[in-house]
Amino acid sequence: MALDSASDTSLLLGTEDVPPVFEENAGSRSPFLLTSDHYGRIIPRALGDLGLPSSELTRHIAWDIGIAGVAEALSKHLDAHLIAQRYSRLVIDCNRPPQAASSIPRISEATVIPGNEGLSEQAAAARRRLIFEPYHRRIAEVIDARLRDGIPTVLVSLHSFTPVYAGIARPLHIGTLYHRDTKLAPLLLTLLRQETDLVVGDNEPYAVSDDTDYTIPVHGEARGLMNTGIEIRQDLIADPAGQKQWADRLARILAEIEATLRAERLI
Ligand SMILES: [Zn+2]
C-alpha cells in the first residue's frame with residue numbers, strides 16, 4: 001500500500017493510470033444516453049489496494065458486477081452513447097452526492113475500507129477532482145451538446161445489484177428506479193412485466209432520492225430529461241452469455257419505448 005501519497009492531490013492519478021471516463025458511440029443520435037456510474041473497479045496506483053484483499057475488491061462492494069458487459073453490448077445494439085466510469089466505487093462513489101458519508105465509504109456492507117479511514121479533506125478532494133468531477137462534467141457536456149443540437153435525450157442509468165445483501169436473498173431479476181419522471185419508468189415497467197419469465201421491481205431494490213443518488217437527480221431530473229435507472233441482478237449477468245442475453249432483451253424493449261415516445265411526439 002502507498003496510501004500516504006494519495007494525500008497529494010497531484011499524485012492521485014499518475015501517467016500509468018487510465019482516465020476515469022470510458023465512452024462508446026460518442027456522437028450517436030440515438031435518444032438514449034446510457035450511463036454507468038459503477039462500471040469499473042480499478043484503484044488508482046497511488047491508493048494501492050485500499051487495505052483490502054483481492055477477494056473484497058472483486059465483490060459487489062467494489063463495482064456493479066456484470067454491468068460493463070451489458071452496457072457495452074446495449075450501447076452497440078442501440079447505437080447509443082455510453083458514458084461510464086472506470087474507477088471503483090470504493091475510491092469514490094459516482095452516484096452519491098460528494099457531501100454524503102457514503103461518497104467515500106468507510107464501510108461497505110460489512111467490510112471496513114482501511115484506505116478510506118481518516119482521509120484528509122485534501123485527499124477526499126483529490127478523488128472528487130480527478131474521478132467524480134470529470135465523469136459528471138462529461139455527462140453534462142454531452143447533454144448540453146445534445147440540447148443545443150436538438151437531439152432528444154432519454155437518460156438511462158445502468159446498475160446491477162447483489163443477489164444477497166446482508167444475508168437476505170433478493171428474488172427480483174430486474175428493477176426500475178425513478179423519482180420525479182413519471183413517464184419513462186411506467187413504460188419500461190409495463191414492457192418488463194410482459195416478459196413472463198421476469199420478477200420485476202418497481203423502485204426496488206432501491207429507489208432514487210436526492211440524498212442517495214446523483215446521476216438521475218442531477219443529469220436527468222434537474223435537466224428536465226426523461227430518465228430511469230435500471231438495476232439487474234448480478235448473478236444473471238455474471239458471464240458474457242448472460243450479459244448478451246440481457247443486452248438483447250433491453251435493446252428490444254428500449255427500441256419499443258423509442259417507437260412509443262416518437263408516436264406520442266415526446267421525443
Ligand atoms: Zn450501481
Side-chain angles (χ1 to χ4, degrees), residues 20-24 32-43 50 56-75 82-98 100-105 107-109 111 113 116 127-128 131-132 135-136 138-139 155-166 168 170 172-179 184-185 188 192 200-221 227-238 242-243 246-247 250:
V21 180
F22 171 82
E23 292 184 74
E24 295 269 34
F32 295 109
L33 174 61
L34 309 176
T35 57
S36 187
D37 307 331
H38 304 139
Y39 168 93
R41 60 175 183 83
I42 300 172
I43 312 277
L50 289 172
E56 292 287 350
L57 294 174
T58 51
R59 288 184 61 221
H60 76 92
I61 60 170
W63 63 329
D64 279 2
I65 293 169
I67 206 63
V70 174
E72 288 172 26
L74 185 59
S75 158
L82 165 67
I83 307 176
Q85 203 292 103
R86 292 185 170 108
Y87 286 94
S88 172
R89 64 194 298 172
L90 296 176
V91 177
I92 186 162
D93 191 326
C94 283
N95 192 34
R96 294 286 182 276
S102 54
S103 164
I104 300 176
I107 184 162
S108 183
E109 199 174 7
T111 302
I113 321 300
N116 293 347
R127 297 191 194 184
R128 284 197 297 273
I131 296 173
F132 181 92
Y135 174 61
H136 288 293
R138 180 59 183 150
I139 298 173
L155 179 69
V156 177
S157 177
L158 298 166
H159 293 269
S160 69
F161 63 96
T162 182
V164 179
Y165 187 82
I168 312 282
R170 290 159 152 180
L172 299 175
H173 297 125
I174 186 167
T176 58
L177 289 77
Y178 57 99
H179 183 197
L184 185 62
L188 179 58
L192 286 171
V200 180
D202 178 355
N203 256 345
E204 282 186 90
Y206 305 105
V208 173
S209 79
D210 295 342
D211 295 333
T212 55
D213 292 82
Y214 192 88
T215 297
I216 284 182
V218 170
H219 299 297
E221 296 175 339
N227 66 81
T228 189
I230 294 178
E231 288 269 2
I232 308 171
R233 205 176 69 201
Q234 290 170 357
D235 56 312
L236 306 174
I237 53 171
Q243 291 158 17
W246 278 83
L250 287 176

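For ligands, and for the atoms within them, numbers begin at 1 and follow the listed sequence. From a predicted model like this one, the values you see are computed outputs, not experimental measurements. Just so you know, these numbers use all the heavy atoms, side chains as well, and skip hydrogens, waters and symmetry mates.
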message = At a threshold of 2.8 Å, where the distance has to be below it, does the Zn ion (ligand 1) have an N, O or S atom of Asp37 nearby?
response = no
Exercise for review: Please check if the side chain of His60 supplies one atom and the backbone of Val164 the other of a donor-acceptor pair under 3.5 Å.
Suggested key: no
*So, Phe161 versus Tyr206, ring centres under 6.0 angstrom or not?*
no
Of all N, O or S atoms in Asp64, the one closest to the Zn ion (ligand 1) is OD2
Looking only at heavy atoms, the pair that brings Pro97 and Thr212 closest together is CD-C, 4.4 Å
Strictly by modelled atom types, are His179 and Asn227 linked by a side-chain donor-acceptor pair under 3.5 Å? no
Taking the Zn ion (ligand 1) as the apex, ND1 on His159 and ND1 on His38 give an angle, to 10°, of 100°
